[in-house]
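Note: hydrogens, waters and symmetry copies are ignored here, and every other heavy atom, side chains too, is used. Chain A is the first sequence line, chain B the second, and so forth, proteins listed ahead of strands; every chain is numbered from 1.
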Amino acid sequence: MYNFEIITSAIDHFLHSVMPAQLAVITECVLIAVCTLVAYVAFAIVMIFMERKVCAAFQCRLGPTRVGFWGLLQVFADVFKMLIKEIISINNSDSLLYRLAPYLVVLSSILTFSCLPFDKGLQVLDFNVGVFFLMAASSFGVLGILLAGWSSNNKFSMIGAMRSGAQMISYELSIGLCMLTMVVLSGTMQISEIVEQQVDGWFIFKGHLPAVVAFIIYLIAGNAETNRAPFDLPEAESELTAGYHTEYSGMHFGFFYVAEFMNLFIVAGIASTLFLGGWTPLYIKGFDSFNAIMDYIPGIVWFLGKTFFLIWVLMWFRWTFPRLRVDHVPTLEWKYMVPIGLVNLLIMTICVVMNWIF
Amino acid sequence: MKFSETYIGGILFASASLLTGLRTTLKEFFTPKVTEQYPENRATLKISERHRAMLYMPLDENGNNKCIACGLCQSACPNSTIIVKTKNIVDEESGKSKKVLDEYIYDLGSCMFCQLCVNACPKDAIAFNNQFENAVFDRKKLVIRLNK
């Protein structure tokens with residue numbers, strides 16, 4: 001089993017040996033911030049490329065093939081284009097909030113991103129109420145979206161933001177219920193502990209029926225949470241031009257775009273952490289040689305493999321289903337997913353109390 | 001009340017129909033892609049025979065076209081793309097004057113490839129082929145004389 005704590009503690013000891021303790025802590029903070037941001041951007045680039053290719057494959061196309069080998073430089077060209085575009089200021093807009101909004105969205109997504117356990121010991125934020133923190137951090141992204149719609153002095157933005165607010169706040173409930181279901185199963189809210197408990201069996205196998213139901217509800221609610229199709233009503237281009245980011249240009253638009261993609265990564269990452277065992281390898285009881293081979297694959301490969309598989313599944317949903325009608329979105333949430341989630345939570349609790357879990 | 005309209009039935013029915021959609025797109029994900037990488041695959045490019053790219057006059061084995069200069073294609077053309085110029089020649093055996101084709105002028109630049117001319121032709125003297133690389137630098141080069 002690989003353990004990144006060896007590397008991180010070695011860096012920690014080295015920094016403490018060459019500089020005073022306070023300075024060492026500050027240096028570590030800066031290092032971690034740089035690493036998180038670099039990873040954030042790197043994953044965003046990978047995901048945008050993946051989105052283009054997967055979307056193309058679902059539509060029987062090849063996707064970008066011209067810029068660089070197999071279109072690999074396409075995303076860099078896009079980013080460069082975005083960077084050199086002008087950031088337009090809007091007349092009669094609330095200037096401060098207008099500029100603040102994209103940063104709030106990105107901030108929430110980075111905070112959530114840093115909760116993800118990439119490998120044993122490779123996790124930025126890890127404490128005893130990790131799941132709570134995760135939910136709190138992910139739910140203030142909606143504030144940025146509401147501010148963006150409010151401040152840009154445009155009715156389409158406003159409608160988009162209001163739809164987005166209604167949708168994200170209601171689907172947060174389902175996400176919370178699914179996470180609670182898994183917290184009931186694991187008995188802890190510390191993310192590293194949750195993953196640690198799945199070494200002898202992923203929660204989706206341990207929790208059997210209620211875990212599978214929670215997994216499906218989580219995927220649906222997570223898709224709605226990221227404002228992606230079939231839940232892309234906030235930016236329904238046929239009705240609202242682009243929803244809350246209609247008036248944004250240049251890198252401010254880029255922040256919304258990147259945050260949307262990274263929220264998808266985060267949703268898939270949390271799903272793989274809570275249900276598919278995070279960085280823990282797949283073990284089958286009784287097959288010792290198979291388990292030994294699985295041990296050789298590093299945890300980060302397991303985590304990213306599961307996460308990208310779930311991202312692919314979510315993209316599959318996106319390019320299959322048509323957009324929901326606006327009154328169907330709350331119906332699906334309040335009449336179907338919340339009751340099912342509550343019953344599911346009850347079933348999971350009964351299962352745990354009666355010890356009907358594997 | 002049908003089962004598919006009840007609460008549980010609705011969920012099952014919806015799941016089944018969503019899974020049908022997912023199965024369809026998954027099949028599409030793995031099928032060979034239809035994108036043509038055009039300039040690279042020029043040698044192996046396959047274009048449908050029914051593709052309408054350019055009007056031409058099929059020749060018979062003697063190298064003559066079948067046009068009888070009736071002008072039906074010209075009157076069928078909505079864009080006045082075709083101009084059939086005729087001339088009169090005197091048939092040597094009977095001594096009668098006969099109208100034959102002089103010039104068949106086709107303006108590719110104004111053609112909208114509706115195929116009405118081909119349908120109007122009583123002798124199948126004109127047809128569309130699929131030579132689609134028709135870009136030129138001068139509009140005048142698009143006006144083509146089809147008969148040789």
Does atom [atom1] ([X]) have a neighbourhood of more than 12 heavy atoms from anything else shown, all under 6.0 Å?
{"X": "B/Arg139", "atom1": "CZ", "result": "no"}
{"X": "B/Gln37", "atom1": "CD", "result": "yes"}
{"X": "B/Arg50", "atom1": "CZ", "result": "no"}
{"X": "A/Trp70", "atom1": "CH2", "result": "no"}
{"X": "B/Glu49", "atom1": "CD", "result": "no"}
{"X": "B/Tyr38", "atom1": "OH", "result": "yes"}
{"X": "A/Phe309", "atom1": "CZ", "result": "no"}

Give the minimum heavy-atom separation between A/Leu62 and B/Thr35, together with the two atoms involved.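 In this case the closest contact between A/Leu62 and B/Thr35 is N-OG1, 2.9 Å.
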
Are B/Lys33 and A/Gln59 close enough, and set up right, to give a side-chain contact (heavy atoms from CB on, under 4.5 Å), and what steps lead you there? CA-CA 9 Å; B/Lys33 306 299 170 233; A/Gln59 295 172 346; over 6 Å; no

Counting only non-hydrogen atoms closer than 4.5 Å, does A/Phe321 touch chain B with its backbone (N, CA, C, O), its side chain (CB onward), both, or neither?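 Just the side chain, heavy atoms under 4.5 Å.
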
Examine whether an atom of A/Pro230 lies under 4.5 Å from a heavy atom of chain B, and if so say whether it belongs to the side chain, the backbone or both; otherwise answer neither. neither

Tell me which one of B/Leu22, B/Thr20, B/Thr24 satisfies side chain to side chain contact (heavy atoms under 4.5 Å, CB included) with A/Thr320.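 The option that passes is B/Leu22.
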
Between atom CZ of B/Phe30 and atom SG of A/Cys60, what is the distance when rounded to the nearest 0.5 Å? 12.5 Å

Would you mind checking if A/Arg61 and B/Glu36 are paired as a salt bridge, meaning a charged N to carboxylate O distance below 4.0 Å?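 Answer for the salt bridge query: no.
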
A side-chain contact here means heavy atoms from C-beta on lying under 4.5 Å apart; do B/Thr25 and A/Trp316 qualify?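 Yes; the side chains approach each other to less than 4.5 Å.
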
Under 4.5 Å from any heavy atom of chain A, what part of B/Tyr7 do you find: side chain, backbone, both or neither? both

